[in-house]
Amino acid sequence: MIAFLEGTVAFKAENRLYLNVNGVGFEVFMPMRSLDKVGSTGSSVFVYTYMAVREDAMQLYGFYGKDELEIFKLLITVNGIGPKGGLSVLSTLSPDDLRFAVFSDDVKTISKVPGIGKKTAQKLILELKDKLKLEDVLDNEEVAVVGEAPEDDSARREAIEALTALGYSSSEAFKAVNKVATDPHMTVEDILKKSLSAIGV
């Protein structure tokens, strides 16, 4: 198993990086978000890799960050989403965007990925919700403090519903509310007002 590669960029083409590692050329398929971060020809680069082995092919998939690699590994466990589908998801959505979309049941956002329809998006959400961790996407200062009292969750839910009613996507609303709802005693109005400010309204 090849865990990572370090070398110089030979050239880039479409969704592929051709990497020169001590005179050996590797073809590495990468999400466009990762590929955009890779420098031009001759630049040094370190990429995390995943090797997909099939009866008729062995292909390397590369990622600029370890988080992308871990998300990719989870994506390809979803029935109907192979390595190419995983690349498409990560070319369209960042790992953080995907987490928020999954936790907020945002089928619409995930369906924007080329090749991912509504049914596949629903399946992806269902299968990944228990495998992803929301704390991975939130900085410590942004993690919402959820009190034990039922009204705390209720206020947050109502604020998210209000934001979606205003036209924001479920993931946008979920992200904004989790960012600002740091006090378990905040009212719906307080959360909504701060959330709108955080979104930039």
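Note that these values count all heavy atoms, side chains included, but never hydrogens, waters or copies made by symmetry.
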> Just wondering, more than 12 heavy atoms not from Lys12 lying within 6.0 Å of its NZ?
Replying inline: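 Correct, the count exceeds 12.
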> Passes side chain to side chain contact (heavy atoms under 4.5 Å, CB included), Ile71 versus Arg99? Steps please.
Replying inline: CA-CA 9 Å; Ile71 293 294; Arg99 287 189 182 97; 3.7 Å; yes
>> Using side chain to side chain contact (heavy atoms under 4.5 Å, CB included), reason through Leu128 and Leu75 one step at a time and then give a plain yes or no.
In response: CA-CA 8 Å; Leu128 292 191; Leu75 282 168; 3.9 Å; yes
>> Assess whether a salt bridge exists between Lys193 and Asp190, defined as any Lys/Arg side-chain N lying under 4.0 Å from an Asp/Glu carboxylate O.
In response: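 Answer for the salt bridge query: no.
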> Do you know the tightest heavy-atom contact between Leu19 and Gly7?
Replying inline: CD1-C, 3.8 Å
> For Val188 and Ala155, which heavy atoms make the closest approach, and how far apart are they?
Replying inline: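 Heavy atoms only, the tightest pair is CG2-CA, 3.6 Å.
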> When rounded to the nearest 0.5 angstrom, what is the spacing between CG in Asn178 and CZ in Phe100?
Replying inline: 6.0 Å
> Going through the checks in order, is the side chain to side chain contact (heavy atoms under 4.5 Å, CB included) test met by Thr120 and Val113?
Replying inline: CA-CA 11 Å; Thr120 304; Val113 177; over 6 Å; no
> For Ile199 and Ala176, which heavy atoms make the closest approach, and how far apart are they?
Replying inline: CG1-CB, 3.7 Å
> Going by the angle between their ring planes, with limits at 30° and 60°, are Phe72 and Tyr50 parallel, tilted or perpendicular?
Replying inline: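 Because their plane-to-plane angle is over 60°, the rings of Phe72 and Tyr50 count as perpendicular.
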> Hey, any chance Met51 and Leu17 share a hydrophobic cluster, counting ILVMFWY side chains that come within less than 4.5 Å of each other, even indirectly?
Replying inline: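 In one cluster: yes.
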> Going from CG on Leu5 to OG1 on Thr49, what distance comes out if it is rounded to the nearest 0.5 angstrom?
Replying inline: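 Interatomic distance, Leu5 CG to Thr49 OG1, rounded to 0.5 Å: 5.0 Å.
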> So which heavy atom on Ala159 is nearest to which on Leu192, and how close?
Replying inline: O-CD1, 4.0 Å
>> Grouping I, L, V, M, F, W and Y whenever their side-chain heavy atoms are under 4.5 Å apart, do Ile116 and Val107 come out in a common cluster?
In response: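 Hydrophobic grouping puts Ile116 with Val107.
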> In Å and rounded to the nearest 0.5 Å, what is the CG to CG distance from Asp67 to Leu98?
Replying inline: 10.0 Å
>> Is the shortest side-chain heavy-atom distance between Met32 and Asn15 below 4.5 Å?
In response: yes
> Nearest 0.5 Å, what's the OG-CD1 distance between Ser104 and Ile110?
Replying inline: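 One gets 8.0 Å once the value is rounded to the nearest 0.5 Å.
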> Between Phe103 and Leu126, is there a shared hydrophobic cluster once you connect ILVMFWY residues whose side-chain heavy atoms come closer than 4.5 Å?
Replying inline: no
> Can you find a pair of side-chain heavy atoms, one from Leu93 and one from Thr109, that are under 4.5 Å apart?
Replying inline: yes
>> Measuring from atom NZ of Lys179 to atom OG of Ser197, what distance do you get when rounded to the nearest 0.5 angstrom?
In response: 9.0 Å
> What pair of heavy atoms forms the shortest contact from Gly86 to Ile81, and how long is it?
Replying inline: N-CG2, 3.6 Å
>> Would you compute the distance between atom CG of Leu87 and atom CG of Leu35 and round it to the nearest 0.5 angstrom?
In response: 10.5 Å
> Out of Tyr48, Tyr64, Phe26, Phe46, which residue meets the ring pair (Phe, Tyr, Trp, His ring centres under 6.0 Å) rule with Phe4?
Replying inline: Phe46
>> Taking Lys84's backbone N and O only, do any of them form a donor-acceptor pair with Ser88's side chain (distance below 3.5 Å, no angle check)?
In response: no
>> Tell me whether Tyr18 shares a hydrophobic cluster with Val24, the cluster being built from Ile, Leu, Val, Met, Phe, Trp, Tyr side chains joined at under 4.5 Å.
In response: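 No, because Tyr18 and Val24 fall into different hydrophobic clusters, even though each may have its own neighbours under 4.5 Å.
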>> Could you check whether atom NZ of Lys131 has more than 12 heavy atoms from other residues, nucleotides or ligands sitting under 6.0 Å from it?
In response: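 For Lys131, atom NZ is crowded (more than 12 foreign heavy atoms under 6.0 Å).
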>> Could you check whether Asp56 pairs with Arg54 (Lys NZ or Arg NE/NH1/NH2 to Asp/Glu carboxylate O, under 4.0 Å)?
In response: yes
> What's the shortest heavy-atom distance between Thr41 and Ala10, and which atoms?
Replying inline: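 Scanning both residues, the minimum pair turns out to be CG2-O, 3.1 Å.
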> Is there a chain of hydrophobic side chains (I, L, V, M, F, W, Y, each step under 4.5 Å between heavy atoms) that links Phe11 to Leu60?
Replying inline: no
>> What I'd like to find out is whether the side chain of Ile191 reaches to under 4.5 Å of the side chain of Arg156, using heavy atoms alone.
In response: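 A side-chain contact exists here, since the closest heavy-atom pair is under 4.5 Å.
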>> More than 12 heavy atoms of other residues, nucleotides or ligands under 6.0 Å from NZ of Lys129: yes or no?
In response: yes
> Taking side chain as C-beta onward, heavy atoms only, is Glu172 less than 4.5 Å from Leu163?
Replying inline: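 Not touching, per the 4.5 Å side-chain cut-off.
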